[in-house]
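As structure tokens, the structure follows; a few thoughts come after it.
Lettering follows sequence order; numbering is per chain, from 1.
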Amino acid sequence: MNTENRHNIPEEFLRPYSPTESEPLVYQTWETSGFFNPDICIEKGVTKADAEHFSIVLPPPNVTGTLHTGHALMLVIQDIMVRYQRMLGKKTLWIPGTDHAAIATQSKVEKLLEKEGLKKHDLGREAFLKRVEQFAQESHDTIVHQTKKMGASLDWSREAYTLDDKRNLAVRTAFKKMYDDGLIYRGHRIVNWDPKGQTTISDDELVYQEETVKFYYFKYGPFTIGTARPETKFGDKYVVMHPDDARYAQYNHGDKLTIEWINGPLEATIIKDSMIDMEFGTGVMTITPWHSKEDFDLAEKYNLDKEQIIDQYGKLLPIAGEFAGMKIKDAREKIVEKLQSKGLVEKVEENYKHNIATAERSGGIIEPQIMHQWFIDVNKPIAERNNKSLKELMQDAVNSKNIEIIPDRFEKIYFHWINNLKDWCISRQIWYGHQIPVWYKGEETYVGIEAPLEEGWVQDPDTLDTWFSSGLWTFSTLGWPEQTTDLETYHPTSVLETGHDILFFWIARMILMSTYVLGTVPFKTVYLHGMVRAANGQKMSKSLGNAAADPLDIIAKYGNDALRMAMIIGNTPGNDLKLDENNIRGYGKFGNKIWNATRFVLESIAQADFSEPVELDSEDQQSMDELNELLKVATKEMNEFKFSLAGDKLYHYFWHTFADIIIERSKKKITEGINAPSAQRLLYLQHLTLIKALHPFMPFVTEKVWGLLPKIGNETNDNKLLIIESWPTSA
RNA sequence: GGGCGAUUAGCUCAGUUGGUAGAGCAACUCAUUUACACUGAGAAGGUCAGGGGUUCAAGUCCCUUAUCGCCCACCA
């Protein structure tokens, strides 16, 4: 090319592509264009008002700090879906938001206070909540900043928070409806009590840890019982054995006998039940219904007495006699000593391994307790829903194929979880969250969306499990309980994309809430991604010193487009992704490749005259056909959520066919004047098409390049942004 | 105890309804004021964890074993 042509080429092409320079400016252009908002797309004639819709609600990150590479992966996959669908001309909505995360956020702030030597009770509920809100606000701002850096084309005008006023109204409305339908009840039931966090938690928030302890065999009357927890045994007055156990055939269900126990004689009652495993230990056990779920169930079955042994702080109650007031851990050995002195210890096994339940957030050791709490009944038939229970509604949604889970192996896991589902304890004794919309006055209870007007009512101090409000997310973000246009237009949402680790916590609960409250599924497709790990397979974390823990560091180094490609190519749903910095660097080079190919195309066509139709010669036509064929396949793959395959194809075509073959061929044709107009037109067409098709994957560099392309004939839309161009199904 | 996933080139991973294996990075040879060295051309590298089966044909489907990882579960 001669120097005259160079004047037509923007000067910045003389330097390598700089993602760090371009990306913030490009994002700003998108944001000010308003095209993240489907209403504006319709207003400006980009999208047809009656177009099909495509909607995703962003899994709201917890306001507990900053985003990590796992969030980055989620943003990348969703942004690809959203950009693709927007280019298909659909009314495309992606709603951002953050999650107050109740326990997680509160315990984070409590830990910060601890460093200042303060406890939440020193501040009081109001001041403490202020503190949490301040922390949440700061986290929110960081998260939003990071999200924008990652190029997410979210409609920020619709941003929501799980604890803002609108979502609070949704929560109160849903609670009231469930209460009126008899699905929410308050009852004395066994719950997971966290003595450290001083709150109940759900089964899903338990983390089991293996512990090696001593296992004791005690003489209990004529029987020998085994236990790892002597400190719970004070009130054990039921002794259980299998009805078919020949060793104990002489005893009948209901027989009573007096036995000598820790603090003196006790009247024990024989219970025969097949829950007992005859093979385990001596085949006999005593039960502690107040502090064990299984024992509780048995006690319910036979209407047995239940006695509390341990209080909510983990201390022994007066029933323990001389041990009352002691902490469990301190009491254990002393109790064994006493039993020893009474000759009731038969043997002690060392190194007994068992799992203890701990609280996910506080780390406290869970002590099951019978408490007065609020529950959601998952088995009660619901008249409004054909007498199906919540459990059945959840099963039907997936069984009926109204919801498809990708990869489908998670469907099995989903059903297994539902089959084992028990009533959901939704009340939490923490301050940060949606306060339960129930008021008490003496013996009276009032449940309402608004507080009762009369004097003297006191609201329940407990708050709701954070997943209660998250469960409403697909429709609370669209304005429910108001019957908004958004709700009508965008619900059920198209896709729910998230990590497979919150299948139970969140996805199942959204299905529960939506099928119950609205009678529709919350989304049609669930796409589950895997966990992001460092190249060596370690979990990403700052404490482990993995270089790539902060996505913004990667972006600063290689650009967002490179990170996106590294996260998409070679990644498959449900499987873990080991993020390799070499990989990211490699795709960073691709950005520059696109940049330089653009420069070459611009230089090559600078003198071309496209005002008259140009016929492609047979060789060039064949190249065009090949590209069209590739696009056909890539489009199919995009529709099937196979982004890895589609992205890989486009990447390779651009580099190894367009750049290596077509560009090289065109050099010869143009300089030697062999069908030069055909070569120029092919360059132009292929480049244009590939830039469009690559846009969902590498939005920044493609948008940047698009802005520098000249307007030729009717091939480009005058200065329109690439983000709202049409996806090139065929060129 | 039950269930699931992984095992493919030195490393990290793809492989779309079965049709004699691919990418990135690394390593090798050559080219070099070229749109691009963030380059090009070429070569090399795999008995697809082991064993068995179905099939004209298996990385792909079935059975089984091993190793690693994950999830679920009340064994007192």
What does [X] touch in the nucleic acid at a heavy-atom separation under 4.0 angstrom: a base, only the sugar-phosphate, or nothing?
{"X": "A:Asn596", "answer": "base"}
{"X": "A:Asp277", "answer": "base"}
{"X": "A:Ile569", "answer": "nothing"}
{"X": "A:His500", "answer": "nothing"}
{"X": "A:Ala659", "answer": "base"}
{"X": "A:Gly588", "answer": "base"}
{"X": "A:Gly559", "answer": "nothing"}
{"X": "A:Tyr208", "answer": "sugar-phosphate"}
{"X": "A:Asp297", "answer": "nothing"}
{"X": "A:Glu664", "answer": "base"}

[N], OP1 or OP2 - any side-chain N/O from [X] closer than 4.0 Å?
{"X": "A:Lys412", "N": "B:rG3", "answer": "no"}
{"X": "A:Lys589", "N": "B:rC36", "answer": "no"}
{"X": "A:Tyr352", "N": "B:rA76", "answer": "yes"}
{"X": "A:Trp655", "N": "B:rG40", "answer": "yes"}
{"X": "A:Thr572", "N": "B:rA14", "answer": "yes"}
{"X": "A:Tyr651", "N": "B:rA14", "answer": "no"}

Practice task
Can you spot which of A:Tyr302, A:Tyr248, A:Tyr238 makes a ring pair (Phe, Tyr, Trp, His ring centres under 6.0 Å) with A:His253?
Solution key: A:Tyr302
Please give the distance between the [atom1] atoms of [N] and [M] as a whole number of Å.
{"N": "B:rA14", "M": "B:rA6", "atom1": "C1'", "answer": "14 Å"}
{"N": "B:rU55", "M": "B:rG59", "atom1": "C1'", "answer": "16 Å"}
{"N": "B:rG19", "M": "B:rU60", "atom1": "C1'", "answer": "11 Å"}
{"N": "B:rU67", "M": "B:rG51", "atom1": "C1'", "answer": "15 Å"}
{"N": "B:rA21", "M": "B:rG46", "atom1": "P", "answer": "13 Å"}
{"N": "B:rG10", "M": "B:rA66", "atom1": "C1'", "answer": "24 Å"}
{"N": "B:rG18", "M": "B:rC61", "atom1": "P", "answer": "8 Å"}
{"N": "B:rC38", "M": "B:rU20", "atom1": "C1'", "answer": "37 Å"}

Problem - A:Glu210, CD atom: more than 12 neighbouring heavy atoms under 6.0 Å - result: yes
As a test of reading the structure: which of [options] is closest to the side chain of [X], going by heavy atoms?
{"X": "A:Glu603", "options": "B:rA35, B:rC75, B:rA73", "answer": "B:rA35"}
{"X": "A:Asn592", "options": "B:rA35, B:rC36, B:rC74", "answer": "B:rC36"}
{"X": "A:Asn355", "options": "B:rA73, B:rA14, B:rA76", "answer": "B:rA73"}
{"X": "A:Phe215", "options": "B:rC36, B:rA76, B:rC74", "answer": "B:rA76"}
{"X": "A:Leu645", "options": "B:rC72, B:rA14, B:rA76", "answer": "B:rA14"}
{"X": "A:Arg409", "options": "B:rC38, B:rA41, B:rC4", "answer": "B:rC4"}

[N] [atom2] sits how many Å from [X] [atom1], rounded?
{"X": "A:Asp576", "N": "B:rU12", "atom1": "CG", "atom2": "C1'", "value": "13 Å"}
{"X": "A:His242", "N": "B:rC75", "atom1": "NE2", "atom2": "P", "value": "17 Å"}
{"X": "A:Ile663", "N": "B:rA41", "atom1": "CD1", "atom2": "C1'", "value": "16 Å"}
{"X": "A:His656", "N": "B:rU39", "atom1": "NE2", "atom2": "C1'", "value": "12 Å"}
{"X": "A:Arg599", "N": "B:rU34", "atom1": "CZ", "atom2": "C1'", "value": "10 Å"}
{"X": "A:Leu650", "N": "B:rA14", "atom1": "CG", "atom2": "C1'", "value": "15 Å"}

Exercise for the section: Let me know, please, whether A:Tyr17 or A:Lys233 comes out on the 5' side of the other along RNA chain B by nearest nucleotide. Expected result: A:Tyr17
Fill in the blank from the handout: Per nearest nucleotide of RNA chain B, the residue lying toward the 5' end, A:Leu206 or A:Gly226, is A:Leu206
Problem - Side-chain donor-acceptor pair present, A:Asp204, A:Trp417, cut-off under 3.5 Å - result: yes
Handout entry: Side-chain donor-acceptor contact under 3.5 Å, A:Thr288 with A:Arg229
Key = no
Exercise for the section: State, to 0.1 Å, how close A:Glu231 and A:Leu316 come at their nearest heavy-atom pair, and which atoms those are. Expected result: O-CD2, 3.5 Å
Exercise for the section: Test the A:Lys667-A:Phe600 pair against the cation-pi criterion, namely NZ or CZ under 6.0 angstrom from the six-membered ring centroid and within 45° of the ring axis. Expected result: yes
Practice task
Would you please indicate yes or no on a ring centroid separation below 6.0 angstrom for A:Tyr587 and A:Tyr651?
Solution key: yes
Practice task
Answer with yes or no after comparing the ring centroid distance for A:Phe218 and A:Tyr216 against a 6.0 Å cut-off, counting only values under it.
Solution key: yes
Problem - Side chain A:Lys593 and base B:rC36 donor-acceptor under 3.5 Å - result: yes
